[in-house]
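Structure first, then comments.
Residue numbers count from 1 along this sequence.
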Amino acid sequence: QVQLVESGGGLVQAGGSLRLSCAASGRTFTIYTMGWFRQAPGKEREFVAAINSNGDSTYYAGSVRGRFSISRDNAKNTMYLQMNSLKPEDTAVYYCAARTGGGSSYQESQYRYWGQGTQVTVSS
């Protein structure tokens with residue numbers, strides 16, 4: 001089992017940047033593919049980005065590609081999401097998640113472990 005704690009959320013103006021962190025504890029961090037999801041008010045949770053266990057493959061939703069960057073530091077058991085050129089429609093609670101095994105990194109159902117989420121609010 002792994003425990004996940006997100007941090008770094010906050011209020012930012014449109015066009016600004018934030019960096020989210022996800023700290024992991026418990027089982028060996030390096031075995032997990034890690035992902036970021038988000039849920040806006042009144043909407044379903046959606047995939048944002050994912051990174052494989054050794055960090056050499058990344059995946060992005062079309063809405064954030066080119067603006068967001070996912071990375072991980074396995075020595076620190078931490079994953080990051082650098083968010084640039086933020087838009088009001090990026091406003092959501094952002095969750096980090098962990099998975100092992102096969103299947104799609106884009107699918108919420110493939111992730112077993114979840115953090116509590118961190119709020120990101122982008123003002124216009």
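A side-chain donor-acceptor contact under 3.5 Å links R72 to the backbone of F29. Of the possible donor and acceptor atoms, none in the side chain of T28 sits under 3.5 Å from a partner among the backbone N and O of T30. Looking only at distances, a side-chain donor or acceptor of N52 sits under 3.5 Å from a matching main-chain atom of D56. Judged by distance alone, with hydrogens and angles left aside, the side-chain atoms of T91 form a donor-acceptor pair with the main-chain N or O of V122 at under 3.5 Å.
To the nearest 0.5 Å, the span separating OG on S57 from CD1 on I70 amounts to 11.5 Å. Taking CG from N74 and CG from N54, the interatomic distance works out to 8.0 Å, rounded to the nearest 0.5 Å. Distance check, rounded to the nearest 0.5 Å: CD1 of I51 to OG1 of T33 gives 9.0 Å. Note that CZ of F47 is 10.5 Å distant from CD of Q107, once rounded to the nearest 0.5 Å. Remark: E108 CD to W114 CH2 distance equals 4.5 Å, nearest 0.5 Å. We find the SG-CD distance between C96 and E6 to be 4.0 Å, quoted to the nearest 0.5 Å.
Nearest heavy-atom pair, M34 versus C22, reported as atom, atom and distance to 0.1 Å: CE-SG, 4.1 Å. The minimum heavy-atom distance linking Y60 with T58 is given by the pair CE1-OG1, 3.6 Å. S124 and P88 make their closest contact through CB-CG, 3.9 Å (heavy atoms, listed as atom of the first residue, atom of the second, distance). Counting all heavy atoms, side chain and backbone alike, G9 lies closest to V120 at CA-CG2, 4.1 Å.
For the pair M79/S71, no side-chain contact is recorded, criterion being any heavy-atom separation below 4.5 Å from C-beta on. Residues R99 and R112 fail the side-chain proximity criterion, which asks for heavy atoms closer than 4.5 Å. Annotation: side chain of V2 is in contact with side chain of Y32 (closest heavy-atom distance under 4.5 Å). A 4.5 Å side-chain heavy-atom check between S17 and Q82 finds at least one atom pair inside the cut-off. In this structure, the side chains of V12 and M83 stay at 4.5 Å or more apart for every pair of heavy atoms. A 4.5 Å side-chain heavy-atom check between Q1 and Y113 finds at least one atom pair inside the cut-off.
A cation-pi geometry, defined here as NZ or CZ lying under 6.0 Å from the six-membered ring centre and within 45° of its normal, does not hold between R38 and Y95.
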*asked:* Working note: F68 + L81, criterion side chain to side chain contact (heavy atoms under 4.5 Å, CB included); need CA distance, chi angles, decisive distance, verdict.
replied: CA-CA 7 Å; F68 290 10; L81 185 69; 4.1 Å; yes
_Run Y111 and F37 through ring-ring contact (aromatic ring centres under 6.0 Å, His included) and show every step you take._
CA-CA 10 Å; Y111 291 80; F37 289 76; 5.0 Å; yes
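Under the 4.5 Å side-chain heavy-atom criterion for Ile, Leu, Val, Met, Phe, Trp and Tyr, V64 and L86 are members of the same hydrophobic cluster.
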